Number of protein chains: 2
Amino acid sequence: MADQSERFDAIVAKLRANEFKLTPQRLAVARILAGSAGHPSVDQIYTRLLKDFPTISLATVYRNVMLIKSLGEVLELGFADGSNRYDGNKPYPHPHVICVQCKQVIDPDLSTFKNMAAEVEKETGYRILTHRLDFFGICRECAQKQ
Amino acid sequence: MADQSERFDAIVAKLRANEFKLTPQRLAVARILAGSAGHPSVDQIYTRLLKDFPTISLATVYRNVMLIKSLGEVLELGFADGSNRYDGNKPYPHPHVICVQCKQVIDPDLSTFKNMAAEVEKETGYRILTHRLDFFGICRECAQKQ
DNA sequence: CATCGATTGGTAATTGGTTGCAATTGATAG
DNA sequence: CTATCAATTGCAACCAATTACCAATCGATG
């Protein structure tokens with residue numbers, strides 16, 4: 001995992017560079033995204049922020065996550081069921097492992113996943129822009145609860 | 001690509017084994033899925049069927065695709081934008097390459113993607129059930145049209 | 001050929017994440 | 001202190017793929 005405060009600083013720098021105001025709500029969203037513990041959904045970010053900002057609006061969280069995403073500082077993981085998870089800690093494509101029961105999302109360390117995009121370009125003639133590699137399974141905790 | 005008629009026969013065998021009636025509409029859906037040329041959406045299957053079955057209902061296509069999917073004979077590729085593509089030719093997880101412009105979906109031949117699920121299980125302690133590997137890019141045809 | 005449950009066709013309803021909008025707030029400059 | 005204006009709030013509305021519903025029809029069987 002990348003350093004959390006470094007990532008926070010990078011996001012804030014991008015916001016500054018594009019002359020967006022640094023409101024407390026916006027900074028709080030940035031701080032959570034910089035950590036991205038568990039790859040939170042917008043709703044989870046919203047819930048966490050309610051403690052410090054009891055009147056914050058869900059719309060505000062949406063807008064700020066989208067704003068930071070538009071600056072390239074957060075990776076959006078959209079799933080077929082309509083749910084979205086966000087990773088501002090490593091805002092570039094990388095493999096994920098998702099527990100289908102508790103919905104936890106973690107980053108595995110894969111030694112073998114290298115230059116596969118290059119191989120695909122050679123094989124297919126496509127110009128590859130991005131990719132997704134997701135593994136779906138049951139985490140240790142959920143397996144024990146059975 | 002697996003043999004189309006073999007796949008069709010396999011799907012029909014599964015339908016028979018589970019005592020579902022072999023209606024013309026159902027068989028036609030099975031035939032398209034067995035080929036899965038271009039990894040069609042439900043709507044694309046529906047449009048193709050309109051030529052032979054001018055009164056077929058979209059609901060019928062949905063029902064039969066879902067039925068064949070429930071028998072494990074078709075792979076569903078759900079995307080974050082809500083679109084779904086189906087592959088009854090290779091109904092097991094495998095890599096895909098998607099053109100973000102024309103939405104064409106093809107199957108690349110990847111030599112390096114092997115036993116990655118096993119590596120993930122070892123690394124994370126998860127019991128891996130399935131996976132998705134998607135590359136998004138621009139196909140040759142769309143690249144030239146620019 | 002008769003029977004009966006499965007299937008079909010046509011359409012309305014659903015769904016829940018996301019966005020639009022009017023009103024309000026709050027930070028900043030003068 | 002006041003004016004200004006972007007940001008935020010709170011809620012209503014959206015939206016399109018999918019599902020539910022039900023009467024009419026069909027497939028399989030003996």
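Note that the structure is a prediction, hence the values are computed from the model and not measured. So that the names make sense, note that chain A is the first sequence line, chain B the second, and so on, each numbered from 1.
Residue B/H39 is tested with B/N84, B/N89, B/D87 for a side chain to side chain donor-acceptor pair (under 3.5 Å); the sole match is B/D87.
A/R63 has its CZ atom 10 Å from the C1' atom of D/dG10, to the nearest Å. With rounding to whole Å, A/D81 atom CG is found 13 Å from D/dT19 atom P. One interatomic measurement links the two molecules: CZ of B/F53 to C1' of D/dT25, which rounds to 15 Å at whole-angstrom precision.
Using a 4.0 Å heavy-atom distance criterion, B/N64 is classed as a sugar-phosphate-only contact. At the heavy-atom level, A/T55 lies under 4.0 Å from the strands shown only through sugar-phosphate atoms.
Closest-nucleotide positions on DNA chain D for A/L58 and B/Y62 were compared, and the one nearer the 5' end corresponds to A/L58.
Between the OG1 atom of B/T23 and the CG atom of B/L15 there is a distance of 9.0 Å, given to the nearest 0.5 Å. Between the CZ atom of B/F8 and the CG atom of B/L27 there is a distance of 5.0 Å, given to the nearest 0.5 Å.
The number of heavy-atom neighbours closer than 6.0 Å to NZ of A/K90, taken from other residues, nucleotides and ligands shown, is above 12. Within 6.0 Å of CG in A/N115 there are 12 or fewer heavy atoms belonging to other residues, nucleotides or ligands.
For DNA chain C, the outermost nucleotides in 5' to 3' order that have an atom under 4.0 Å from a heavy atom of chain A are C/dG17 to C/dC21.
One finds a side-chain N or O of B/N84 lying less than 4.0 angstrom from the OP1 or OP2 phosphate oxygen of D/dT18.
A heavy-atom distance below 4.0 Å to DNA chain C is reached by these residues of residues 13-29 of chain B, ordered by number: B/F20, B/K21, B/T23, B/Q25, B/R26.
Note on A/E76 versus A/R85: no salt bridge recorded, every NZ/NE/NH1/NH2 to OD/OE distance being 4.0 Å or above.
Relative to the six-membered ring of A/Y92, A/R132 misses at least one condition, a distance below 6.0 Å or an angle of at most 45° to the axis.
When all heavy atoms of B/P108 and B/I106 are compared, the pair lying nearest together is CD-O, 3.6 Å.
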